[in-house]
Amino acid sequence: MYNYNYQDRIIMVPASEDIDPLEQIEIELFLEALYRHCGFDFRNYVFQSIRRRIWHRIHAENLTTVSGLQEKVLHDRSVLNKILADFSINVTEMFRDPSFFLAFRQHVVPLLRDFDCIRIWHAGCSTGEEVYSMAILMHEEGLHHKTRYYATDMSAQVVEAAKQRALPIDRLQAYSSNYLLAGGTRSLSDYFSFQHGQAVIHPFLSEPILFAQHNLAVDHSFNEFHVIVCRNVMIYFNSALQNRVHGLFYDSLISSGFLGLGTRESIAYTSHSALYKEMDPIEKLYRKIG
Ligand SMILES: C[S@@+](CC[C@H](N)C(=O)[O-])C[C@H]1O[C@@H](n2cnc3c(N)ncnc32)[C@H](O)[C@@H]1O
């Protein structure tokens with residue numbers, strides 16, 4: 001066994017070298033059952049990461065086996081919702097990795113100016129901080145009025161939360177310094193007001209954003225985009241699923257469109273690596289060839 005700290009709780013997970021064929025079978029059957037029961041497909045997520053979350057839920061429900069959890073998930077809607085929430089890791093922040101947004105401002109924005117209408121897809125948008133950051137950036141660059149944003153996530157709950165435009169007050173200071181490091185030209189406080197003890201993003205920023213549930217593991221392309229931003233999402237996918245998603249993104253980008261990935265993600269070694277040119281290898285900004 002080894003200990004794993006999950007949301008300040010210590011979870012005991014059988015050590016990876018202990019993974020016996022029975023546990024492997026149980027986890028595969030569990031993921032298959034989940035997929036067939038509710039259409040969420042976690043079969044191609046990184047195995048050890050999904051395994052840790054399964055064990056977290058097993059302990060939280062006072063169970064002892066993956067098969068026991070499977071029975072609960074299939075027959076108790078509330079446990080199903082809990083495991084789906086466990087699998088959707090929602091960590092995000094405004095101007096997360098500020099240097100990414102700075103590089104976007106410097107290298108991509110000048111190439112977007114000539115378009116009459118710009119469509120940006122934020123895939124795996126979590127609670128919306130990433131797309132609101134982009135809307136602020138585009139506003140400051142004078143492009144917000146002609147931009148449409150599509151912010152999607154597999155989780156209906158986080159999509160609903162994103163639509164509320166609320167920012168956690170205890171994070172505002174950190175968000176303000178991110179904003180300045182990202183090349184912000186004003187003050188982050190220009191973009192929200194306090195209402196009922198919450199910081200709420202101004203509606204002019206959310207107005208051109210379409211929030212929707214979309215699952216990268218099973219759903220298809222739904223538009224053509226000038227820019228796709230998918231950060232800190234594919235890190236949880238195995239290479240087969242990463243390749244599927246890169247196929248989806250490639251088909252969804254206009255010719256010479258832009259792709260932005262997370263710091264620990266890359267197009268290298270994927271099925272589509274030869275189809276993009278690197279614009280900024282550190283900030284993981286790519287441009288579709290052709
Ligand atoms: C760690 S958050 C990243 C949020 C944001 N992109 C950022 O970098 O701050 C990962 C998000 O990806 C979403 N996600 C995970 N698997 C997904 C899938 N198959 N399809 C769509 N969204 C997914 C999760 O629900 C979660 O909200």
Side-chain angles (χ1 to χ4, degrees), residues 6-7 31 34-35 38-47 49-50 52-54 80-104 120-137 149-164 167-168 171 174-175 178-179 181-182 201 209-223 225 227-249 252 259-266 283-285:
Y6 179 81
Q7 294 176 349
L31 297 177
L34 199 58
Y35 174 54
C38 65
F40 281 90
D41 190 355
F42 297 100
R43 294 173 300 175
N44 284 311
Y45 279 52
V46 174
F47 185 79
S49 159
I50 220 81
R52 280 197 295 272
R53 273 150 235 296
I54 289 173
L80 171 63
N81 289 338
K82 284 182 199 160
I83 193 81
L84 292 178
D86 293 335
F87 285 171
S88 160
I89 299 155
N90 305 132
V91 181
T92 189
E93 55 188 56
M94 292 291 288
F95 295 96
R96 181 178 190 176
D97 306 319
S99 52
F100 170 84
F101 287 91
L102 187 61
F104 189 91
I120 305 183
W121 179 14
H122 287 265
C125 66
S126 188
T127 42
E129 283 81 344
E130 184 184 86
V131 65
Y132 290 127
S133 304
M134 184 61 83
I136 290 171
L137 186 160
Y149 310 83
Y150 301 77
T152 63
D153 200 283
M154 70 169 177
S155 161
Q157 282 97 320
V158 299
V159 169
E160 274 316 302
K163 287 182 191 167
Q164 303 308 310
L167 299 178
R171 304 295 310 281
Y175 289 180
N178 279 1
Y179 162 79
L181 290 168
I201 297 270
I209 305 177
L210 181 84
F211 287 103
Q213 196 177 5
H214 179 279
N215 191 327
L216 293 165
V218 293
D219 292 330
H220 298 285
S221 178
F222 57 93
N223 208 333
F225 303 95
V227 179
I228 297 177
V229 177
C230 183
R231 309 193 71 235
N232 309 300
V233 179
M234 279 192 270
I235 201 165
Y236 302 108
F237 298 172
N238 71 13
S239 59
L241 184 51
Q242 287 182 24
N243 287 340
R244 177 198 198 268
V245 175
H246 278 301
L248 180 63
F249 288 168
S252 306
L259 175 67
L261 302 178
T263 313
R264 289 182 291 155
E265 295 158 340
S266 170
E283 301 306 335
K284 308 298 168 62
L285 279 168

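Since we're looking at a predicted model, the values are computed, not measured. Numbering of ligands and ligand atoms starts at 1, following listing order.
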Who passes ring-ring contact (aromatic ring centres under 6.0 Å, His included) against H214, sequence neighbours left out?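 Applying ring-ring contact (aromatic ring centres under 6.0 Å, His included) to H214 gives W121, F222.
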From CA spacing to verdict: side-chain contact (heavy atoms from CB on, under 4.5 Å), H246, L261: CA-CA 11 Å; H246 278 301; L261 302 178; 4.1 Å; yes
Quick test of your reading of the model: are E130 and R231 salt-bridged, counting only N-O distances below 4.0 Å?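 The answer is no: the pair does not qualify as a salt bridge.
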Students should find this: residues with any non-hydrogen atom under 4.0 Å from ligand 1. What is the answer?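 The 4.0 Å shell around ligand 1 contains Y45, S88, I89, N90, V91, T92, R96, G124, S126, E130, D153, M154, H214, N215, L216, A217, R231, N232, V233, F237.
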With sequence neighbours excluded, tell me which residues meet side-chain contact (heavy atoms from CB on, under 4.5 Å) with N215.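 Residues passing side-chain contact (heavy atoms from CB on, under 4.5 Å) with N215: F40, M154, A217, V218, D219.
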With sequence neighbours excluded, residues passing side-chain contact (heavy atoms from CB on, under 4.5 Å) with L102: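 Partners of L102 under the side-chain contact (heavy atoms from CB on, under 4.5 Å) test: Q106.
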Y236 and Y45: aromatic ring centres closer than 6.0 Å?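 Distance test on ring centres: not under 6.0 Å, no.
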